[in-house]
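Structure, as structure tokens:
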Number of protein chains: 2
Amino acid sequence: MARPDSEGIRRKALVNAAIAQVGTSGLDVTVAAIARQAGMSPALAHHYFGGKAQMLEGAMRQILADYSSAVREGLSGSGDRLASIVSASVAPENFRPLTVAAWLVFYVEAQRSDWARRLLRIYQLRLRSNLRHALRSEGHPRAAEAAETVAALIDGTYLRAVTEPRFDGRAAVARILAAVRA
Amino acid sequence: MARPDSEGIRRKALVNAAIAQVGTSGLDVTVAAIARQAGMSPALAHHYFGGKAQMLEGAMRQILADYSSAVREGLSGSGDRLASIVSASVAPENFRPLTVAAWLVFYVEAQRSDWARRLLRIYQLRLRSNLRHALRSEGHPRAAEAAETVAALIDGTYLRAVTEPRFDGRAAVARILAAVRA
DNA sequence: TTTGTTTGATTGATCAGTCAATCAACAGCG
DNA sequence: CGCTGTTGATTGACTGATCAATCAAACAAA
């Protein structure tokens, strides 16, 4: 064998490249472009992932996993659960332009392919559950309704950040929190 | 000439077909599919629009125009300016699944092509301007901040409606208004 | 005839996926 | 230590399909 765990390394590189390429080129990414950015031949990319769809699915899973772990990490260290969820959502790590762009692409893809819809649904349910829990625990009346509002605000903030050249994460967090705590 | 104003009829049919096809097939629409849905040959579609990009641009312009006229119409007949803007935004006519899907696709496209970014920017600026005006006219303190909140809520509501099988427009309007008037 | 409409056929390019052929490490064996 | 077969890694070349765009020709109204 060439190197130990070559497969793991290659797959990771391909997933990262897929996220970046989807972010820049949208849905019409080519396997060749992903493979090139990951530093290998298109044939090898096909060898490790069954096909293009599986690469994209891997990319979306990675984005979801990164976001989830950021939220979980934030929750564990803070008393203000709501603020930490919102902060993690617009944190620079999850808010890189390429990542946000890839998110958007997956929203589009969710209207056609089952895997994207399923993954997106998991994200939405978990986010809402986290928000309801946070709002209830701080004694918010109508926590369920407020959770919907915050969830929509987070998604809307993502959407606007895509076209906004100047984006102030701090201000966005404050605005979102104010909408349900004012 | 074959029929009077054949060009106008053809172009209108192509734009509508483009919206529908973009909504269902995403970015990778084919000119052939658009032309088929519009009841003509692909070659004729190329004849009336310079190319695929111009068809998509026409589709986005149409969506923007429809949305604008809905908002304008709502504003003219109502005393509650804020409510009429929000209502028009999630009104069934602008909220058809295909239309929302096309919106999303254009958001993605806006990251790459100038025309999409420019059109999207116009929409965003106009929406914010309308919202600020409405909020100021009802004496809202911090109208500018509240306008940002409402704008993000509208966009976020769009985004969530895409994957939400059941969507209650009435409830969404109430929730959005409550977020800035409570 | 002239002018605009319409299409079938074609072209050139692009791309996902496949395959047979190299290449590199390692393990067993003498 | 050298020899060798095995196994996974890697790629260049190819295939089949798809698609945007073009064009010349057919067609219909004025």
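Here is the naming used below: chain letters follow the sequence lines, and residue numbers restart at 1 for every chain.
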Roughly, in whole Å, what's the span from [atom1] in [X] to [atom2] in [N]?
| X | N | atom1 | atom2 | result |
| --- | --- | --- | --- | --- |
| A/Gln54 | C/dA16 | CD | C1' | 13 Å |
| B/Gln21 | D/dC19 | CD | P | 12 Å |
| B/Leu44 | D/dA26 | CG | P | 18 Å |
| A/Asp28 | D/dC19 | CG | P | 13 Å |
| B/His47 | D/dA21 | NE2 | C1' | 14 Å |
| A/Met40 | D/dG8 | CE | C1' | 15 Å |
| B/His46 | D/dA20 | NE2 | C1' | 5 Å |
| B/Arg36 | C/dT7 | CZ | P | 13 Å |

Carboxylate-amine/guanidinium proximity below 4.0 Å for A/Glu138 and A/Arg81
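The answer is no: the pair does not qualify as a salt bridge.
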Would you say the ring centers of A/Tyr123 and A/Trp103 fall short of 6.0 Å from each other?
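A/Tyr123 vs A/Trp103: aromatic centres under 6.0 Å.
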Rounded distance [0.5 Å steps], CD1 in B/Ile85 versus CD1 in B/Ile176
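So the CD1 of B/Ile85 and the CD1 of B/Ile176 are separated by 11.5 Å.
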Picking from C/dC19, C/dA16, D/dT10, which would you name as closest to the side chain of A/Ala43?
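The closest nucleotide is C/dC19.
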In terms of side-chain heavy atoms of A/Thr30, which of C/dC15, D/dT11, D/dT22 is nearest?
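Ranking C/dC15, D/dT11, D/dT22 by closest atom to the A/Thr30 side chain puts C/dC15 first.
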Assign B/Tyr48 to base, sugar-phosphate, or nothing according to its heavy-atom contacts below 4.0 angstrom with the strands shown.
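The residue B/Tyr48 makes sugar-phosphate contact but no base contact.
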Answer with yes or no whether the side chains of B/Thr163 and A/Arg121 bring together a donor and an acceptor at under 3.5 Å.
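Absent: no donor and acceptor within the cut-off.
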